Novice: 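The structure is given below, and queries will be raised subsequently.
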Amino acid sequence: MTQQALFIIFGGTGDLAYRKLYPSLFRLYEKGYLKDNFAVIGTARRPWTDDHYHEVVMNAVADDGHESDRTNSELARKFASHFYYQSHNVNDTEHYVALRNLADKLDEKYDLQGNRIYYLAMAPWFFGTIAAHLKSEKLITDHGYNRLIIEKPFGRDLKTAKELNDDISAAFSEDQIYRIDHYLGKEAIQSIAALRFGNQIVSSLWNKEHIDNIQITLAESLGVEERAGYYETAGALRDMVQNHILQIISLLTMEKPSKYTASELRDRKVEALQNIKVYSKEEALQNFVRGQYGEDADHTQSDYRHEEGTDEQSQIETFVSGKLETENKTLAGVPIYVRTGKRLARKSTQINVVFKNVDTNIFDSTDADSNLLDQNVLTLYIEPDQGYRLDLNVKDGGQTYGIMPIHLDYHKTAAEKAKIPEAYEKLIHDALDGNRTNFAHWHEVAQAWRIVDVIREAWDSEKADFPNYVSGSMGPQASQDLLKRDHRNWIFDATN
Ligand code: NAD
């Protein structure tokens, strides 16, 4: 259904707005979801004119486009004409008055019914002041809806996240707040629930009787690139584990929602996170491994400490792996191994669900060392590949009864992938619809910090021996040892 809304984008000249927000809004426009009754105010400090802003928006659309003629297309031009630029310093109250006047004018011009979406595409330390000013300067309308979309990082720990949440909550209620975790906008992540609850063979096996362990890998092949400034304050634990990985865990371990609605899903996910064991400091040190990349084997790539903008003595981790456990009754005792890092052998996000061995092997094993058959593994490829794989044991085709492993594979084609809406497009669409299913609730964020804070504190109390892994590897040896100690291995190994 076509929507009526005013977007106010704080940080309108920034990278996120250019690469994600403008192209996503354009795709919603192309599809007719946004039509005549929408307008966008971009704000930032730079003194841009509306004309210049239109150029920027059209360039953003063209840079994203599969069609090279997007810049000059009539549609892109028409789309860009809905954009207005307001130079604005978020700390200056006067500017909110100007912003309100423009917002009210556009509301009338485009018949927007008082519906407003405030998108904070800025550093989080500005969120509190923006939210307070939106309220005090009466940008928040009393007719229509008012929704606040905010980006990660949501705090640096539970304490700062709480402060941030208190600041925002003074102006917006929880049901008006849309906390983006763009992983939740990814098709393959949204498919987890379909796989688990739409298939009897999967749902009946999804328990501690049948699952041996779950492995989640978010591997990047790139280094820190131009994000060193941010990364030096964050590190992989805060950047990836607190949000994306714990969100994935909640989807993998939650109990079955009675219906696929935002509130049901939210409750099950909150419960799932509350069931993840919060470690003591000692347990955190035993169960979590950190790493920082060194040079590659050929010495052609720099180590992290010699990247532009990093500290030569940096203690920031570019790699984390660890073992978590849920205390929920269905999966209690099933280890959940997680891993993320930069400069690993290959970019891949995947989930491997490893099933237990059959209790008795009635066949002659081809493996002289053991009489065990290979474990069945269900793999969910999240990105860049999207698909599924199931490893099975079958007869090997010989005269005698030998067993061999095979795998059933399904991979989306490039054409299929191209049709899937990009994560930001989906999430903005959901925000317009008032659908909070794929946004993080405060209780989820808070619980995730509780889990992560202990690990951070444990690490901060000891000096790390960095660098400790070679660029292009799968991380430090200690990450392999973490599983070896449990007589297991990482399923995904891109170095083989
Ligand atoms: P950026 O530095 O490119 O843009 C920041 C924007 O804020 C600019 O438009 C700048 O003009 C504006 N700004 C800064 N100080 C201001 C002030 N005092 N008054 C008014 N405007 C001011 O940052 P970005 O990469 O676009 O990221 C924005 C937010 O999104 C951050 O919180 C970041 O962590 C988050 N985020 C970004 C990405 C991404 O891909 N870029 C991904 C995930 C999350």
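First listed ligand is number 1; within each ligand, the first listed atom is number 1. Index from 1, following the sequence. From a predicted model like this one, the values you see are computed outputs, not experimental measurements.
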Novice: Considering only the protein, which heavy-atom contact is closest to atom 25 (O) of ligand 1, and what is its distance?
Specialist: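 Of the protein heavy atoms, Asp15 CB, 3.6 Å lies nearest.
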
Novice: Using modelled atom types only, decide if a donor and an acceptor are shared between the side chain of Arg305 and the backbone of Ser314 within a distance under 3.5 Å.
Specialist: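 Yes, because the side chain of Arg305 sits within donor-acceptor range (under 3.5 Å) of the backbone of Ser314.
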
Novice: Does the Lys NZ or Arg CZ of Lys109 fall within the cation-pi geometry relative to Tyr84 - under 6.0 Å from the ring centre and within 45° of the axis?
Specialist: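 Geometry flag: not set, cation outside 6.0 Å or 45°.
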
Novice: Ignoring hydrogens, just give me the one of Arg46, Arg45, Lys20 whose non-hydrogen atom is nearest atom 16 (C) of ligand 1.
Specialist: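 Heavy atom nearest to atom 16 (C) of ligand 1 belongs to Arg45.
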
Novice: Look at atom 42 (C) of ligand 1 and say which protein heavy atom is nearest, naming residue and atom and giving the distance to 0.1 Å.
Specialist: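 Closest protein heavy atom to atom 42 (C) of ligand 1: Leu16 CD1, 3.9 Å.
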
Novice: Pull out every atom of ligand 1 sitting under 4.0 Å from any heavy atom of Pro153, numbered as shown with elements.
Specialist: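 Selected atoms, number and element: 34 (O).
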
Novice: So, do His244 and Leu218 sit near enough that their side-chain heavy atoms are less than 4.5 Å apart?
Specialist: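 Yes, close enough: below the 4.5 Å cut-off.
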
Novice: Is it true that Phe172 and Tyr118 have ring centroids separated by less than 6.0 Å?
Specialist: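 That pair passes the under 6.0 Å test.
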
Novice: Could you check which of Asp92, Asn89, Thr129 puts a non-hydrogen atom nearest to atom 18 (N) of ligand 1?
Specialist: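 Residue with the shortest heavy-atom distance to the ligand atom: Asn89.
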
Novice: Relative to the heavy atoms of Ala123, which atoms of ligand 1 are at a distance of less than 4.0 Å?
Specialist: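 By the 4.0 Å cutoff, the relevant atoms are 32 (O).
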
Novice: Quick one: does Asn115's side chain have a donor or acceptor within less than 3.5 Å of a partner on Tyr145's backbone?
Specialist: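 Judged by distance alone, yes, a pair lies under 3.5 Å.
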
Novice: Looking just at side-chain N and O atoms, do Tyr279 and Glu325 make a donor-acceptor pair shorter than 3.5 Å?
Specialist: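 Checked: Tyr279/Glu325 side chains show no N/O donor-acceptor pair below 3.5 Å.
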
Novice: Quick check on contacts: which atoms of ligand 1 are under 4.0 angstrom from a heavy atom of Ala44?
Specialist: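 Once the distances to Ala44 are compared, the set is 9 (O), 11 (O), 21 (N).
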
Novice: Flag Ala121 as yes when one of its N or O atoms lies below 3.5 Å from any N or O atom of ligand 1, and as no otherwise.
Specialist: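 Checking ligand 1 against Ala121, no N or O pair falls under 3.5 Å apart.
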
Novice: Flag Thr13 as yes when one of its N or O atoms lies below 3.5 Å from any N or O atom of ligand 1, and as no otherwise.
Specialist: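 The answer is yes, given that Thr13 and ligand 1 share an N or O pair closer than 3.5 Å.
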
Novice: Give the numbers and elements of all ligand 1 atoms closer than 4.0 Å to a heavy atom of Arg19.
Specialist: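 Every atom of ligand 1 under 4.0 Å from some heavy atom of Arg19: 39 (C), 40 (O), 41 (N).
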
Novice: Is it the side chain, the backbone, both or neither of Met122 that has a heavy atom closer than 4.0 Å to ligand 1?
Specialist: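 The answer is both, backbone and side chain.
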
Novice: Just to verify, which of Tyr53, Phe38, Tyr22, Phe26 counts as forming a ring pair (Phe, Tyr, Trp, His ring centres under 6.0 Å) with His82?
Specialist: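 That would be Phe38; it is the only one of Tyr53, Phe38, Tyr22, Phe26 passing the ring pair (Phe, Tyr, Trp, His ring centres under 6.0 Å) with His82.
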
Novice: Below a 4.0 angstrom heavy-atom separation, can you tell me which part of Phe10, side chain or backbone, both or neither, approaches ligand 1?
Specialist: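 No part of Phe10 is near ligand 1 at this cut-off.
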
Novice: Of all the heavy-atom pairs spanning Thr49 and Tyr85, show the shortest one and how long it is.
Specialist: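 Thr49 and Tyr85 have their closest heavy atoms at O-CB, 4.2 Å.
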
Novice: Considering all heavy atoms of both residues, which atom of Leu139 and which atom of Tyr96 are nearest to each other, and what is their separation?
Specialist: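 Of all heavy-atom pairs spanning Leu139 and Tyr96, the closest is CD1-O, 3.5 Å.
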
Novice: Which of these, Gly14, Gly12, Gly11, Gly42, has its nearest heavy atom closest to atom 4 (O) of ligand 1?
Specialist: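 It is Gly14 whose heavy atom sits nearest to atom 4 (O) of ligand 1.
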
Novice: Report yes if Val90 has an N/O atom closer than 3.5 Å to an N/O atom of ligand 1; otherwise report no.
Specialist: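 It does: an N or O of Val90 is found under 3.5 Å from an N or O of ligand 1.
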
Novice: Against Glu444, only a single residue in Arg436, Arg450, Lys269 fulfils salt bridge (Lys or Arg N to Asp or Glu O under 4.0 Å); can you say which?
Specialist: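 With Glu444 as partner, salt bridge (Lys or Arg N to Asp or Glu O under 4.0 Å) holds for just one option, Lys269.
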
Novice: Please report whether atom 23 (O) of ligand 1 has a protein non-hydrogen atom at a separation of less than 4.0 Å.
Specialist: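 Within 4.0 Å of atom 23 (O) of ligand 1, no protein heavy atoms are found.
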
Novice: Among all protein non-hydrogen atoms, which one is nearest to atom 20 (C) of ligand 1, and what is the separation to 0.1 Å?
Specialist: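 For atom 20 (C) of ligand 1, the nearest protein heavy atom comes out as His88 O, 3.0 Å.
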
Novice: Looking only at heavy atoms of Lys152, does any of them come nearer than 4.0 Å to an atom of ligand 1?
Specialist: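 True for this residue.
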
Novice: Considering only heavy atoms of Pro124, which atoms of ligand 1 have at least one such atom less than 4.0 Å away?
Specialist: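 Heavy-atom distances to Pro124 below 4.0 Å select 32 (O).
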
Novice: What protein heavy atom is closest to atom 43 (C) of ligand 1, reported as residue, atom name and distance in Å?
Specialist: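 Of the protein heavy atoms, Glu151 OE1, 3.6 Å lies nearest.
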
Novice: Counting distance only, does the side-chain N/O of Thr129 pair as donor-acceptor with the main-chain N or O of Phe126 below 3.5 Å?
Specialist: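 Absent.
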
Novice: Would you name the heavy atoms of Phe288 and Lys323 that are closest together and state the gap between them?
Specialist: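 It is CE1-O, 3.7 Å.
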
Novice: For the 3.5 Å polar cut-off, considering only N or O atoms, please tell me whether Tyr424 and ligand 1 meet it.
Specialist: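 Min N/O separation from ligand 1 is not below 3.5 Å for Tyr424.
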
